[in-house]
Amino acid sequence: MTHYSYGKCMRVLDLFVRLEEGRVIVKSEAAREFGVNERSIQRDIDDIRAFLDNRRVFEPQDARHIVYDRARRGFVMEDEFAKI
């Protein structure tokens with residue numbers, strides 16, 4: 001499904017929901033799907049990371065963060081507390 005009418009805000013929210021669902025974000029695939037370049041997707045992922053970092057200031061128990069998983073060749077959301 002291609003989301004050409006998505007603006008940046010909707011695209012970032014869509015990526016965030018996918019990450020929360022445990023899905024892998026592959027930049028090249030997401031860029032093609034949303035009709036943007038890979039740098040735009042990287043900036044979106046960076047925005048999500050910044051959001052989660054800022055959230056931790058007020059909600060220290062929220063240990064979610066975005067990492068690149070080499071084995072799956074994409075970005076995933078991890079929860080440090082879930083690993084314990």
Side-chain angles (χ1 to χ4, degrees):
M1 175 192 297
T2 302
H3 301 287
Y4 291 110
S5 63
Y6 267 33
K8 177 181 173 72
C9 183
M10 293 300 291
R11 188 177 66 236
V12 171
L13 288 170
D14 191 304
L15 292 171
F16 181 76
V17 168
R18 291 179 192 197
L19 289 164
E20 279 199 319
E21 292 173 343
R23 295 167 62 185
V24 178
I25 303 297
V26 177
K27 281 195 303 188
S28 60
E29 293 173 7
R32 194 170 32 257
E33 179 179 350
F34 290 107
V36 297
N37 62 39
E38 290 184 34
R39 288 181 59 190
S40 294
I41 299 300
Q42 183 63 56
R43 284 189 291 270
D44 296 345
I45 290 168
D46 292 341
D47 288 343
I48 295 168
R49 283 179 168 151
F51 167 76
L52 292 172
D53 287 345
N54 287 333
R55 182 170 163 74
R56 265 189 296 286
V57 171
F58 301 103
E59 300 287 338
Q61 71 276 11
D62 187 351
R64 296 174 297 171
H65 61 278
I66 309 302
V67 298
Y68 184 79
D69 185 325
R70 289 179 189 242
R72 297 180 352 185
R73 296 183 176 171
F75 292 90
V76 296
M77 182 179 288
E78 291 185 346
D79 186 339
E80 283 300 312
F81 291 143
K83 291 180 176 182
I84 296 173

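We're numbering straight along the sequence, starting at 1.
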Exercise. Do Val67 and Val24 sit in the same hydrophobic cluster, where Ile, Leu, Val, Met, Phe, Trp and Tyr count as joined when their side-chain heavy atoms come under 4.5 Å apart?
Worked result: yes
Problem set entry | Verdict with reasoning, Arg64 to Leu19, per side chain to side chain contact (heavy atoms under 4.5 Å, CB included) | CA-CA 10 Å; Arg64 296 174 297 171; Leu19 289 164; over 6 Å; no
For this session: Report the distance from atom CZ of Arg49 to atom CG of Asn54, rounding to the nearest 0.5 Å.
Result: 14.0 Å
For this session: Look up atom CD in Glu20 and atom CG in Asp79, then write down how far apart they are to the nearest 0.5 Å.
Result: 10.5 Å
For this session: Answer with yes or no whether the hydrophobic clustering places Tyr68 together with Val26; edges join I, L, V, M, F, W, Y residues whose side-chain heavy atoms lie under 4.5 Å apart.
Result: no
Exercise. Roughly how far apart are Phe16 CZ and Leu52 CG, rounded to 0.5 Å?
Worked result: 5.5 Å
Exercise. Just how far is it from atom CG of Asp44 to atom CD of Glu38, taken to the nearest 0.5 Å?
Worked result: 12.5 Å
Problem set entry | Sequence-distant partners of Arg55, side-chain hydrogen bond (donor to acceptor under 3.5 Å, both in side chains), two or more places apart | Asp62
Exercise. Does the pair Arg43/Asp46 count as a salt bridge with the N-to-O cut at 4.0 Å?
Worked result: no
Problem set entry | NZ/NE/NH1/NH2 to OD/OE distance under 4.0 Å, Glu33 and Arg18 | yes
For this session: Say whether Val76 and Val12 are linked into one hydrophobic cluster, either directly or through other cluster members, by side-chain heavy-atom distances under 4.5 angstrom.
Result: no
For this session: Nearest 0.5 Å please: distance from the CG atom of Leu15 over to the CD1 atom of Ile25.
Result: 5.0 Å
For this session: Sequence neighbours left out, what passes side-chain hydrogen bond (donor to acceptor under 3.5 Å, both in side chains) with Asp53? Give chain and number order.
Result: Arg56
Problem set entry | Check against side chain to side chain contact (heavy atoms under 4.5 Å, CB included), Asp14 and Phe34 | CA-CA 10 Å; Asp14 191 304; Phe34 290 107; 4.0 Å; yes
Exercise. Under the 4.5 Å side-chain heavy-atom rule for ILVMFWY, direct or indirect, which residues accompany Phe58?
Worked result: Val57
Problem set entry | Arg32 side, atom CZ; Asn37 side, atom CG - distance, nearest 0.5 Å | 13.0 Å
